[in-house]
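One structure is given below, encoded as C-alpha cells.
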Protein chains: 2
Amino acid sequence: MSKAPFTTVINLLRAEALVQERFAGELGSVHGLALNEALLLMHLEKAPLRRLTRVDLAKRLHASPSTVTRMAMPMEKTGLVARQSDPRDARLAYVALTEAGLTLVGEVRKTLERRSAELFRDRWSDAEVGSLGKLLGRITAGELGDLV
Amino acid sequence: MSKAPFTTVINLLRAEALVQERFAGELGSVHGLALNEALLLMHLEKAPLRRLTRVDLAKRLHASPSTVTRMAMPMEKTGLVARQSDPRDARLAYVALTEAGLTLVGEVRKTLERRSAELFRDRWSDAEVGSLGKLLGRITAGELGDLV
DNA sequence: CATAAAAGATTGCGAACGCAAGTAATATGC
DNA sequence: GCATATTACTTGCGTTCGCAATCTTTTATG
C-alpha cells in the first residue's frame, strides 16, 4: 500500500494555504476584495447572463447559500453586483454583475494572473506548470463553472 | 503571455476546497476532529520530542499564534495534548502530544490515507498521482514540517 | 549593569462561516 | 384541485479565525 495519494493530498492542502496567504494581501490592499469575493465576481463574469442564483454561486464557491447571501450584501452596497429577480420564479434572487463589477473583475484577473506567474517564475518550466494545472483540473473534473 | 499559471492556481483552489469538504465530514464524525486539528496532531507526531511551541505550530499550520492557542485549549481538555513549559525559557509553552493523542493520530492517519486513496481510485494511474504530489511539493519546498 | 528591543503567549474585538430553523414560492402526487 | 414535498433564500446562533494590544520573559545594546 503506497502512501503517494496521502502525500499528494497533504501537499495539496499546504500549497493551497501558501497560495491563499500570498494572494490575499495584495488582493485586499489593491482592490479591496477578499479572495472569495474575487472568485465570486469571476464566476459571475463567466455566467451566461453575467448573473447566477445564490445556490448556484454557493456550489461554485464551495460555500453555503447563507454565506453567499452575506457575501453579496456589501458588494451590492458598493455597486459591484445588483440583485435581480426572475419574473417566472419569484423564489430566485440573482446576483448580477454590474458594469462597475465587470470593470473591477478585469483588473482583479490581471492581478491574479501576474501573481500566479510570479508563483512559478523560479525553478518551473512551462511544461511543469501546465502539467500541474492539468492534473489539478482532473480532481475537480465534472464540476461546473470554469473560471478560465 | 500564457494563462497556464493562472489556470493552475484556480484549479489548485478548487481542488483543495473539494478535498476539504470530502474529508471534513468523516474526520469529524469518526474521530471528532476538524481537519486543522488533525494536521496539528500530525505535526506534533513528526516533531523531535513530539512537541512544538505555539509559534512553530502556527507557521506549520499557516495560522496565527492566537488560533493555535485556541485550538489547543479543547484538545488539552480532552487529553490529546498537554501543556509543557521549558525550564530554560519561561516564555515557551509547548503543545505536547499525549499517549492518547498519539494513539488517535495513528487512526486519523489511516482514515486520511484511505480517503486519499479513494480520491484517486478512478481514472488515476500511480504515476499521475505521484507526479501531482511531487509538483505540489515543489510549491511549498523550503517550508518546514513534512507530514509524511 | 541598566535600558531597550524582541519574542512567545494570551485576550478582546470584529469579521466570516455553517447549521438549523423559518418563510415564501414552485413542483409533484393522488 | 388540493395536500404534500421540494426549492430558494434569509436570519439567529454558535464556532472559528486574524489583528491589535498587552503581559511576561529573554536577548541585545550602550
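Per chain, numbering begins at 1; letters A, B, ... match sequence-line order. When reading the values below, keep in mind they use all heavy atoms of this one structure, side chains included, and skip hydrogens, waters and symmetry mates. Quick caveat, the model's predicted, so the values are computed rather than measured.
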Distance in angstrom units between [X] [atom1] and [N] [atom2], rounded:
X     : N      : atom1 : atom2 : value
A/R91 : C/dG22 : CZ    : C1'   : 16 Å
B/L57 : C/dG8  : CG    : C1'   : 13 Å
B/R54 : D/dT25 : CZ    : P     : 16 Å
B/H62 : D/dC19 : NE2   : C1'   : 19 Å
A/L52 : D/dC9  : CG    : P     : 10 Å
B/K59 : C/dG8  : NZ    : P     : 6 Å
A/D86 : C/dA25 : CG    : C1'   : 12 Å
B/D56 : C/dA9  : CG    : C1'   : 13 Å

Donor/acceptor link under 3.5 angstrom from B/R70 side chain onto base of C/dG12: yes

Any N/O donor-acceptor pair, A/S66 side-chain to C/dC19 base, under 3.5 Å: yes

By nearest atom, which of the nucleotides [options] is closest to the [X] side chain?
X     : options               : value
B/R83 : C/dA6, D/dA8, C/dT10  : C/dT10
A/P65 : D/dT10, D/dT25, D/dA8 : D/dT10
B/T53 : C/dA9, C/dC17, D/dA8  : C/dA9
A/V55 : D/dA8, C/dT26, C/dA9  : D/dA8

Phosphate OP1/OP2 of D/dT10: any A/T69 side-chain N/O under 4.0 Å: yes

Candidate pair B/E118 and B/R22, rule salt bridge (charged side-chain N to carboxylate O under 4.0 Å, His left out), full reasoning: CA-CA 10 Å; B/E118 286 173 10; B/R22 283 262 185 96; over 6 Å; no

Residue met sooner reading DNA chain C from 5', once A/D89 and A/N36 are mapped to nucleotides: A/N36

Working for salt bridge (charged side-chain N to carboxylate O under 4.0 Å, His left out), residues A/R88 and A/D86: CA-CA 5 Å; A/R88 315 201 345 212; A/D86 189 322; 5.2 Å; no

Atom CG of A/D126: over 12 foreign heavy atoms under 6.0 Å: no

Side-chain touch B/V9/A/R115, heavy atoms, less than 4.5 angstrom: no

Sugar-phosphate, base or nothing in reach of B/A34, heavy atoms under 4.0 Å: nothing

Taking distance alone, no hydrogens or angles, what donor-acceptor pairs closer than 3.5 Å link side-chain atoms of residues 57-64 of chain B to residues at least two apart or in another chain?
unit_1 : atom_1 : unit_2 : atom_2 : d
B/R60  : NH1    : B/D56  : O      : 3.4
B/H62  : ND1    : A/E21  : OE1    : 3.4
B/H62  : ND1    : A/E21  : OE2    : 3.2
B/H62  : NE2    : B/E143 : OE1    : 3.4
B/H62  : NE2    : B/E143 : OE2    : 3.2
B/S64  : OG     : B/S66  : OG     : 3.0
B/S64  : OG     : B/T67  : N      : 3.3
B/S64  : OG     : B/T67  : OG1    : 3.0

Whichever of A/L92 and B/S64 has its nearest DNA chain D nucleotide further upstream toward 5': A/L92

